[in-house]
Amino acid sequence: MEKMEESNKKETNVKRQKGGMITMPFIFSNEVCEKLAVVGFNTNMISYLTTQIHMPLTKAANTVTNFGGTASLTPLLGAFIADSYAGRFWTITVASIIYQMGMTSLTLSAILPQFRPPPCKGEEVCQQATAGQLAILYGSLLLGALGSGGIRPCVVAFGADQFDETDPKQSTKTWKYFNWYYFVMGASILVAVTVLVYIQDNFGWGWGLGIPTIAMFLSIITFIAGYPLYRHMDPAGSPFTRLLQVSVAAFKKRKLTMVTDPQLLYRNEELDAAISLGGKLVHTEQMTFLDKAAIVTEEDNVKSSQAPNLWRLNTVHRVEELKSVIRMGPIWAAGILLITAYAQQSTFSLQQAKTMDRHLTKSFEIPAGSMSVFTMVFMLFTIALYDRVLVRIARRFTGLDRGITFLHRMGIGFVISVLATLVAGFIEIKRKQAAFAHGLQDKAHGIIPISVIWLVPQYALHGIAEAFMSIGHLEFFYDQSPESMRSTATALFWTSISVGNYVSTLLVSLVHKFSAGPDGSNWLPDNNLNKGKLEYFYWLLTGLQARKQRVTTEKGNNMESRTICL
């Protein structure tokens with residue numbers, strides 16, 4: 001009998017040994033197809049809106065950034081659902097199906113002529129899309145944004161879930177997973193901005209959108225097929241709810257006198273067990289007004305066997321979770337203007353490229369939407385150089401395993417981003433000078449005899465800046481967040497991207513409105529960049545970034561952001 005029990009235990013242990021590298025192809029297939037669809041369309045989206053839907057340039061630019069902002073905001077919703085109710089697997093699955101619906105609808109609108117306005121005829125004013133046609137477009141984009149919201153915050157964390165960090169043999173594989181994740185993501189983006197954009201420009205939007213739509217469908221089947229192999233983590237409750245409970249409890253007890261000994265604050269290992277697998281958070285002396293949420297009063301009745309009312313009393317661990325999130329605030333905000341500047345690659349930089357000579361050889365012309373390939377190449381090259389060379393050199397001077405601090409890494413990215421928009425302004429001046437020299441200033445769609453290679457520096461600098469700033473940003477959130485909030489931290493990273501896109505929309509709208517002259521002139525004209533002052537807009541971004549960098553550095557130097565765990 002004892003042998004049978006031992007045998008059953010062994011079988012149970014074997015059954016529990018799921019996850020590992022064998023699950024990566026199933027998970028990565030979903031991420032690859034999501035990136036192919038999102039990036040493949042976003043990169044060239046402004047061309048679709050202006051040439052197929054016939055939107056004015058500024059309206060199209062704002063539609064691009066609004067979509068990007070919404071798609072980067074919905075991860076908060078996806079993280080909430082995954083952590084509170086559904087778990088990561090089912091959140092990714094349902095979100096992928098929603099995304100599939102959006103891509104299918106968008107593909108049909110590109111194929112069926114009744115879903116878009118008729119083609120332009122000669123020099124006639126193009127007929128804009130009807131309300132019904134715009135409704136189909138916006139509905140498709142909304143479904144795509146909702147789908148991305150469930151995929152983005154969960155895929156990274158779900159992949160990391162497949163490795164048991166308590167096992168020394170698997171903990172090192174977790175970081176290998178992150179390296180592979182970034183590599184696969186970068187490779188899929190490269191394919192999107194080259195192959196898919198080329199197909200869109202040369203074979204039509206039906207093929208350009210249909211291919212990632214079919215790939216997404218196959219990836220859903222593949223992802224679900226891997227279900228028996230995955231390690232599944234049960235939802236531990238929403239971090240957002242816990243943060244709100246601490247805030248409410250602290251407000252209710254705001255008039256209480258703070259205890260003299262932090263050891264008197266409320267702790268409950270059983271209550272925090274599910275959210276502190278990596279250890280409890282240590283009490284810190286910052287923001288002590290929040291500690292009042294952990295002061296025990298007679299009304300709290302903690303001696304009963306039932307859990308306390310968390311809207312009145314919280315543990316030290318939960319209070320420290322909120323403190324950790326608040327400490328991240330200045331760093332979270334630091335990435336917003338970088339994304340605002342970066343977003344122009346999909347709007348005005350792309351429009352610049354469309355007016356320039358894009359022939360790399362006599363027979364090959366690079367699509368305007370594929371110019372972002374230079375951003376991706378320089379970003380991936382910088383990541384490799386940083387990891388293999390720069391970190392080792394910096395380590396000799398700083399003594400830090402990572403070479404430099406997260407704050408310094410993001411600061412370097414900021415400086416390079418400022419340089420990128422500064423350079424972009426001078427390149428725009430040169431582009432317009434060439435247009436005037438050849439009498440093409442009135443030809444909105446004329447090709448100016450100046451090589452598109454002139455735009456490479458601004459694209460390359462944005463890629464280098466992203467390698468420092470954006471990846472440092474994400475690493476900061478992952479490293480500094482409590483173990484119980486890492487998927488939520490990923491969602492917070494995406495919200496900074498969301499806000500950056502919305503700031504771009506607001507900035508473009510304000511500049512377009514207030515730079516309009518009585519003679520019809522405008523910094524950002526709707527139809528003809530040659531008559532605008534796009535360089536002024538780039539330099540405005542330069543000034544705003546420089547100002548933000550100085551303020552963030554001052555706050556960052558005074559902020560202790562390290563979360564200490566036991």
Side-chain angles (χ1 to χ4, degrees), residues 43-65 119-126 128 201 341 343-360 365-372 374 420-459 462 504-505 507-542:
T43 303
N44 216 17
M45 183 178 175
I46 196 165
S47 296
Y48 181 80
L49 296 179
T50 54
T51 62
Q52 303 296 314
I53 307 299
H54 304 158
M55 277 188 185
L57 178 57
T58 52
K59 183 179 179 180
N62 285 343
T63 299
V64 172
T65 51
C120 301
K121 297 180 180 179
E123 297 297 326
E124 294 181 8
V125 177
C126 298
Q128 294 192 22
D201 285 354
Q344 308 317 314
Q345 291 184 98
S346 300
T347 56
F348 295 109
S349 295
L350 189 146
Q351 289 300 110
Q352 287 176 287
K354 290 182 70 174
T355 67
M356 302 171 75
D357 180 11
R358 302 192 303 276
H359 283 92
L360 299 185
E365 183 180 36
I366 184 173
S370 292
M371 286 299 296
S372 56
F374 294 106
T421 49
L422 180 67
V423 168
F426 288 109
I427 293 174
E428 170 61 6
I429 290 177
K430 184 171 184 63
R431 188 194 68 83
K432 288 197 301 182
Q433 287 175 343
F436 276 85
H438 294 85
L440 298 172
Q441 63 270 26
D442 295 323
K443 302 289 185 180
H445 304 293
I447 301 300
I448 304 169
I450 179 175
S451 175
V452 77
I453 298 300
W454 279 97
L455 295 180
V456 170
Q458 67 194 59
Y459 278 96
H462 277 301
S504 175
T505 297
L507 195 60
V508 168
S509 298
L510 291 176
V511 169
H512 182 71
K513 178 179 179 180
F514 291 106
S515 67
D519 58 348
S521 61
N522 200 297
W523 283 16
L524 305 174
D526 281 326
N527 299 313
N528 190 350
L529 274 183
N530 299 332
K531 291 187 174 182
K533 296 289 184 181
L534 180 58
E535 65 273 17
Y536 291 174
F537 178 69
Y538 282 138
W539 291 336
L540 175 63
L541 280 174
T542 302

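Residues: numbered from 1 along the sequence shown.
- Thr355 is linked by a side-chain contact (heavy atoms from CB on, under 4.5 Å) to Arg431, Ile448, counting only residues two or more places apart in sequence or in another chain.
- Residue Leu541 comes nearest to Ala341 through the heavy atom pair CD1-CA, 4.1 Å, listed as atom of the first residue, atom of the second, then distance.
- Residues that satisfy the salt bridge (Lys or Arg N to Asp or Glu O under 4.0 Å) test with Asp519, not counting sequence neighbours, are absent from this structure.
- Screening residues 46-61 for salt bridge (Lys or Arg N to Asp or Glu O under 4.0 Å), with sequence neighbours left out, gives no hits.
- Within the model, atoms CG of Asp357 and CD of Glu365 stand 7.5 Å from one another, a figure rounded to the nearest 0.5 Å.
- Residues passing the side-chain contact (heavy atoms from CB on, under 4.5 Å) test with Lys513, sequence neighbours excluded: none.
- Applying the side chain to side chain donor-acceptor pair (under 3.5 Å) rule to Ser504 yields the partners Gln344; only residues at least two apart in sequence or on another chain are considered.
- In this structure Gln52 satisfies the side-chain contact (heavy atoms from CB on, under 4.5 Å) test together with Tyr48, Arg116, Trp205, sequence neighbours excluded.
- Of the possible polar contacts, one joining the Asn528 side chain to the Gln441 backbone as a donor-acceptor pair under 3.5 Å is found.
- Judged by distance alone, the side chain of Arg358 and the main-chain N or O of Ile366 form a donor-acceptor pair under 3.5 Å.
- Every residue meeting the side chain to side chain donor-acceptor pair (under 3.5 Å) condition with Ser515, not counting sequence neighbours, appears here in chain and number order: Asn522.
- Scored by the ring pair (Phe, Tyr, Trp, His ring centres under 6.0 Å) test, Tyr536 finds Trp523 as partners (sequence neighbours excluded).
- Qualifying side chain to side chain donor-acceptor pair (under 3.5 Å) partners for Asn62, counting only residues two or more places apart in sequence or in other chains: Ser509.
- The shortest non-hydrogen separation linking Lys354 to Ile447 is O-CD1, 3.3 Å.
- Applying the ring pair (Phe, Tyr, Trp, His ring centres under 6.0 Å) criterion to Tyr538, with sequence neighbours excluded, gives no partner residue.
- Rounded to the nearest 0.5 angstrom, Phe348 CZ and Leu524 CG are separated by 4.5 Å.
- Residues forming a salt bridge (Lys or Arg N to Asp or Glu O under 4.0 Å) with Lys531 (at least two apart in sequence, or on another chain): Asp442.
- In this structure, Gln351 has no side chain to side chain donor-acceptor pair (under 3.5 Å) partners at least two apart in sequence or on a different chain.
- Of all heavy-atom pairs between Trp539 and Ile429, the closest is CH2-CD1, 3.4 Å.
- Taking a 6.0 Å sphere around CH2 of Trp454, one finds it holds 12 or fewer heavy atoms contributed by other residues, nucleotides or ligands.
- Of the candidates Leu455, Ile453, Leu350, Met371 forms a side-chain contact (heavy atoms from CB on, under 4.5 Å) with just one, namely Leu455.
- Residue Gly532 comes nearest to Pro525 through the heavy atom pair CA-CD, 3.5 Å, listed as atom of the first residue, atom of the second, then distance.
- To the nearest 0.5 Å, atoms OG (Ser521) and NZ (Lys533) are separated by 9.0 Å.
- For His512 (side chain) and Val508 (main-chain N/O), no donor-acceptor pair under 3.5 Å exists by modelled atom type.
- Remark: Gln352 CD to Leu534 CG distance equals 5.0 Å, nearest 0.5 Å.
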